[in-house]
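This report refers to the structure that appears directly beneath it.
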Amino acid sequence: AISALGAWLLKREGMRAWTAFTTATGSGRLPAREVADGALVMFGGALLLTPGFLTDVIGLFCLLPPTRAVLRRSLLAFVTRRAVGGSGWTPPTVRVRSYRQPRDPRPGSERPRVIDGEVERNGDSG
């Protein structure tokens, strides 16, 4: 019974995720939410095909829209945290001071613009 219900849910939610994905890309919007939904639907379907009660429960959580929304928020927060702050690396801070050099009145004698800058590493000792 769980397999039949899971197959039906997988088909229905998979089509919904695909429709949302094509709508988002057609409108020129980045489909981050739709891709996460599609991945969770595929993962949930694979778990439902795997024997075991625990895999069935987790698979259903991935397929049902209310619980999938909670999982999607957690997944996106985890991925964002790992991509930005979880690696221990912080991008360097660049301060740029720009100034104009006096212009030479002779034609054809333009000087290049000079940008003076310093690179600081956040929390790095060396």
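In what follows, residues are counted from 1 in the order of the sequence shown.
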Here the salt bridge (charged side-chain N to carboxylate O under 4.0 Å, His left out) pairs for residues 40-66, sequence neighbours left out, are none
Does anything in residues 2-12 pair up under salt bridge (charged side-chain N to carboxylate O under 4.0 Å, His left out), and if so which pairs, sequence neighbours excluded?
none
Please give me the minimum heavy-atom distance between Ala36 and Leu76, naming the atom from each residue.
CB-CD2, 4.2 Å
Side-chain heavy atoms nearer than 4.5 Å, only ILVMFWY residues, links allowed to pass through others: does that put Leu64 and Leu10 together?
yes
Among Leu47, Leu9, Thr67, whose side chain to side chain contact (heavy atoms under 4.5 Å, CB included) with Leu60 holds?
Leu9
Nearest heavy-atom contact between Pro31 and Thr25 is CG-CG2, 3.7 Å
Cluster question for you: counting only ILVMFWY and a side-chain heavy-atom cut-off of under 4.5 Å, with indirect links fine, are Leu63 and Trp8 together?
yes
Only counting residues at least two apart or in another chain, list the ones meeting side-chain contact (heavy atoms from CB on, under 4.5 Å) with Thr50.
Thr55
Grouping ILVMFWY residues whenever side-chain heavy atoms fall under 4.5 Å, the cluster of Leu30 otherwise contains none
Go through Val41 and Cys62 one step at a time and tell me if the side-chain contact (heavy atoms from CB on, under 4.5 Å) criterion holds.
CA-CA 6 Å; Val41 166; Cys62 291; over 6 Å; no
Applied to residues 36-51, the salt bridge (charged side-chain N to carboxylate O under 4.0 Å, His left out) test, sequence neighbours excluded, yields Asp37-Arg68, Asp37-Arg72
Any ring-ring contact (aromatic ring centres under 6.0 Å, His included) pairs touching residues 15-35, not counting sequence neighbours?
Trp18-Phe21
Quick one: list whatever passes salt bridge (charged side-chain N to carboxylate O under 4.0 Å, His left out) with Arg16, sequence neighbours left out.
Glu13
Please list all pairs meeting ring-ring contact (aromatic ring centres under 6.0 Å, His included) that have one or both residues in residues 40-81, counting only residues at least two apart or in different chains.
none
Residues which pass salt bridge (charged side-chain N to carboxylate O under 4.0 Å, His left out) with Arg29, listed by chain and number, not counting sequence neighbours
Glu34
